[in-house]
Amino acid sequence: MPPTGTIRRVDAELEPDDVWRCLGPAGGARDRLAGDIEWAISEAVSLAEPASATRALRVQTMGRGEVTFDGGISARGRMLPHLMEGAEGGVFLLATAGPGIGVRVSELFAADRPVEAIVLDAAGSAIAMNVQSRTVTEIADARKEVGDLIGPCLVPGNEYWDLEGQRAVFDALPAHRIGVRLLDSLQMDPQKTQSALVPFGAELHILDDPASSPCSRCKATRCPMRLEPYAAAWETENLS
Ligand code: SF4
């Protein structure tokens, strides 16, 4: 049986700073590229078909390097059981800008217009990230209303959850309903798509809020999920 989930079509929203974040440091080029950025925003917004798919699943088991959810969906990663400690479940999500921007970027490269292609590519990435962040905010608001705590957004392809995690996301969600598919390479098509898992639960341990997460009291200084620096002063104040 194909997986179910909530599908939302959303409007594309983009500010120049969103595009700059995807392009990287601009230095002296910022003023020179201002017109290209405005053009790319308008082009990207008209080509985008932004949409998201979400589905909340309850945690069934947590073992060494593996968390299983309803339906036998399994997420494997050395740190996942720690990052989901105390979680009742997780919301799997996909957020996409749709295929049109990638097609236009390829056309621009083929037409030897690399600057426009690169700026439009960044605008497409910014739209996908924007849809993801709005989706995560909606998930967090809805969960907080029923008394849940929310964990940091976990993304496959990182040190704490390798790219194989994409399989769990696609097992959980009806990706085809927003026109997204997983390639053999574990990359997503359209490329301007984001995937994630948001842990939730009233007893969740690692939180998205740095002020109340235990990271500041944890000595694992090289942890890839550290939300804020280790505050050695905490031990002095609280354990003496
Ligand atoms: S810094 Fe420590 S508490 Fe925070 S996620 Fe890493 S291991 Fe866990």
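Atoms within a ligand are numbered from 1 in the order they appear, just like the ligands themselves. Every heavy atom of this structure was used, including side-chain atoms; hydrogens, water molecules and symmetry mates were not. Since the structure is predicted, the reported quantities are computational estimates derived from the model, not experimental observations.
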Inset, instruction - Please find out if atom 6 (Fe) of ligand 1 and some N, O or S atom of C215 are separated by less than 2.8 Å. - result: no

Legend entry - Electrostatic pair D70:R58 at N-O distance under 4.0 angstrom: no

Inset, instruction - Output yes if C218 passes the N/O/S-under-2.8 Å test against atom 4 (Fe) of ligand 1; output no otherwise. - result: no

Legend entry - Same apolar cluster (I L V M F W Y, side chains within < 4.5 Å links), L149/F200: no

Inset, instruction - Under 4.0 Å from a heavy atom of C223: give me the atoms of ligand 1 that qualify, with their elements. - result: 1 (S), 5 (S), 6 (Fe), 7 (S)

Inset, instruction - Would you mind checking if K192 and D121 are paired as a salt bridge, meaning a charged N to carboxylate O distance below 4.0 Å? - result: yes

Legend entry - Validation row, ring centre F170 to ring centre F92 under 6.0 Å: no

